[in-house]
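Letters go in sequence order (proteins before strands), and every chain restarts at 1. None of the values given here were measured: they were computed from a predicted structure.
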Amino acid sequence: MEICKFCSKRSSAAKHLGNDELEKLGHSCVEVSFEKGDIIFKQNALSSNIIYVREGLVKIHMAGPEREQILKIAKGPSYLGIPTTIGDKVNNYSATALTKTEVCFIDIHIFKDFISTNSEFAYEIIVNLCKNELGHFHRCVNQLQKQSSGRVAETLLFFADEIFKTDTFDLPLSRHELGDLTGNSRENVSRILSDFNNEGLINISGKSIQILNKEKLFMISRNG
DNA sequence: GCATTAACCACAG
DNA sequence: CTGTGGTTAATGC
């Protein structure tokens with residue numbers, strides 16, 4: 001198995017692995033492909049793998065006391081489940097594919113082994129976790145302090161700037177999921193979206209979105 | 001009080 | 001699954 005050695009989607013951490021380490025990784029790594037809607041791992045299930053998303057969009061979500069909450073949208077290449085696999089025995093959240101997704105399951109023991117023997121690998125992982133935590137802090141504050149239209153505007157800009165890198169795209173989420181992501185009811189998401197549409201900020205038909213007035217959308221996102 | 005915001009319900013495509 | 005309208009509760013001016 002030499003899949004990791006020649007993988008073109010290697011993570012910035014894995015770039016610091018030597019040939020023998022990559023070979024070890026290749027032996028313990030399982031490659032799986034998921035279709036849209038497939039569950040990659042499930043909350044409360046036992047977990048002994050770190051997941052590396054080589055390609056695709058994934059939603060990380062958690063069953064809350066009231067309803068489902070989408071914690072983040074992850075785009076490959078990206079690690080998933082480091083916190084929940086190292087910090088606990090069971091998954092504290094679920095991951096579901098939003099598009100066709102290519103995933104590698106990495107055995108936790110190999111992963112820990114690399115961390116304790118390869119400091120550059122470990123450092124990259126820490127950088128990754130830190131950036132993640134900062135992102136969550138921002139999302140947390142925004143979620144709590146912005147009003148609903150601001151949260152929806154922010155999410156639209158997130159998809160345009162971070163995920164698709166274009167102002168015209170197809171939403172990979174239903175209105176319900178968009179509600180779970182922004183902490184809104186699905187009805188409210190519908191209303192806010194059609195308000196944006198009527199005000200000429202976006203052009204929406206079904207799931208296809210075109211952002212027409214980014215500045216104004218940004219103002220709404222920033223000011224609540 | 002009155003206006004705004006957002007949740008819940010119901011019903012129609 | 002979506003979009004809309006009516007209603008209601010909470011909050012701020």
K.L.:
Atom NZ in A:K112, atom CD1 in A:I106: separation rounded to 0.5 Å?
P.N.:
14.0 Å
K.L.:
So, for A:I50 and A:G81, which heavy atoms are closest and what is the spacing to 0.1 Å?
P.N.:
CD1-O, 4.1 Å
K.L.:
Kindly state each residue pair satisfying ring pair (Phe, Tyr, Trp, His ring centres under 6.0 Å) with at least one member in residues 59-92 of chain A, sequence neighbours excluded.
P.N.:
A:Y52-A:Y79, A:Y79-A:F111
K.L.:
Tell me the interatomic distance from A:R175, atom CZ, to C:dT4, atom P, rounded to whole angstroms.
P.N.:
10 Å
K.L.:
List in chain and number order the residues that pass ring-ring contact (aromatic ring centres under 6.0 Å, His included) with A:F114, two or more places apart in sequence or in another chain; answer none if no residue qualifies.
P.N.:
A:F121
K.L.:
Going by salt bridge (Lys or Arg N to Asp or Glu O under 4.0 Å), name the residues that satisfy it together with A:K24, two or more places apart in sequence or in a different chain.
P.N.:
A:D113
K.L.:
Restricting to pairs with a member in residues 122-153 of chain A, which pass ring pair (Phe, Tyr, Trp, His ring centres under 6.0 Å), not counting sequence neighbours?
P.N.:
none
K.L.:
If I take atom CG in residue A:L193 and atom P in nucleotide C:dT2, what distance separates them, rounded to the nearest angstrom?
P.N.:
11 Å
K.L.:
Taking the side chain of A:Q147 as its heavy atoms from C-beta onward, which of C:dG6, B:dA6, C:dT2 lies nearest to it?
P.N.:
B:dA6
K.L.:
Nearest of C:dT2, C:dT4, B:dA6 to any side-chain atom of A:S194?
P.N.:
C:dT4
K.L.:
Distance from A:L57 atom CG to A:S78 atom OG, nearest 0.5 Å?
P.N.:
10.5 Å
K.L.:
In whole angstrom, what separates A:L178's CG from C:dC1's C1'?
P.N.:
14 Å
K.L.:
Below 4.0 angstrom from OP1 or OP2 of C:dC1, is there any side-chain N or O of A:K207?
P.N.:
no
K.L.:
Which residues satisfy the salt bridge (Lys or Arg N to Asp or Glu O under 4.0 Å) test with A:D167, sequence neighbours excluded?
P.N.:
A:K214
K.L.:
Separation of A:Q145 atom CD from B:dT5 atom P, in whole Å?
P.N.:
18 Å
K.L.:
Using a 4.0 Å cut-off on protein heavy atoms (strictly under), produce a 5'-to-3' string for nucleotides 7-13 of chain C with B for base contact, S for backbone-only sugar-phosphate contact, and - for none.
P.N.:
-------
K.L.:
Nearest whole angstrom, please: distance from the P of B:dA6 to the NZ of A:K146.
P.N.:
13 Å
K.L.:
List the residues meeting ring-ring contact (aromatic ring centres under 6.0 Å, His included) with A:F169, not counting sequence neighbours, and say none if there are none.
P.N.:
A:F164
K.L.:
How would you list all residue pairs meeting salt bridge (Lys or Arg N to Asp or Glu O under 4.0 Å) that involve residues 46-58 of chain A, not counting sequence neighbours?
P.N.:
A:K9-A:E55, A:E31-A:R54
K.L.:
Specify the separation, in whole Å, of atom CG of A:D195 and atom P of C:dG5.
P.N.:
11 Å
K.L.:
Does B:dA6 have OP1 or OP2 sitting under 4.0 Å from an N or O in the side chain of A:N188?
P.N.:
no
K.L.:
What does A:G183 touch in the nucleic acid at a heavy-atom separation under 4.0 angstrom: a base, only the sugar-phosphate, or nothing?
P.N.:
sugar-phosphate
K.L.:
If a pair satisfies salt bridge (Lys or Arg N to Asp or Glu O under 4.0 Å) and one of its residues is in residues 92-103 of chain A, list it, with sequence neighbours excluded.
P.N.:
A:E35-A:K100, A:K100-A:E102
K.L.:
Could you go through nucleotides 11-13 of chain B and list every protein N or O atom that sits under 3.5 Å from one of its N or O atoms, giving the distance for each pair?
P.N.:
none

K.L.:
Tell me: CZ of A:R191 to P of B:dC8, nearest whole Å?
P.N.:
12 Å
K.L.:
Nearest-Å distance, CG (A:L171) to P (C:dG3)?
P.N.:
11 Å
K.L.:
Choose from B:dC9, B:dA6, C:dT2 the nucleotide whose nearest atom is closest to any side-chain atom of A:E187.
P.N.:
B:dC9
K.L.:
Is there a side-chain contact between A:S148 and the phosphate of B:dA6, meaning an N or O under 4.0 Å from OP1 or OP2?
P.N.:
yes
K.L.:
Please list, in numerical order, the residues of residues 56-73 of chain A that have a heavy atom closer than 4.0 Å to any atom of DNA chain C.
P.N.:
none
K.L.:
Can you tell me which residue pairs pass the salt bridge (Lys or Arg N to Asp or Glu O under 4.0 Å) test with a partner in residues 183-205 of chain A, sequence neighbours excluded?
P.N.:
none
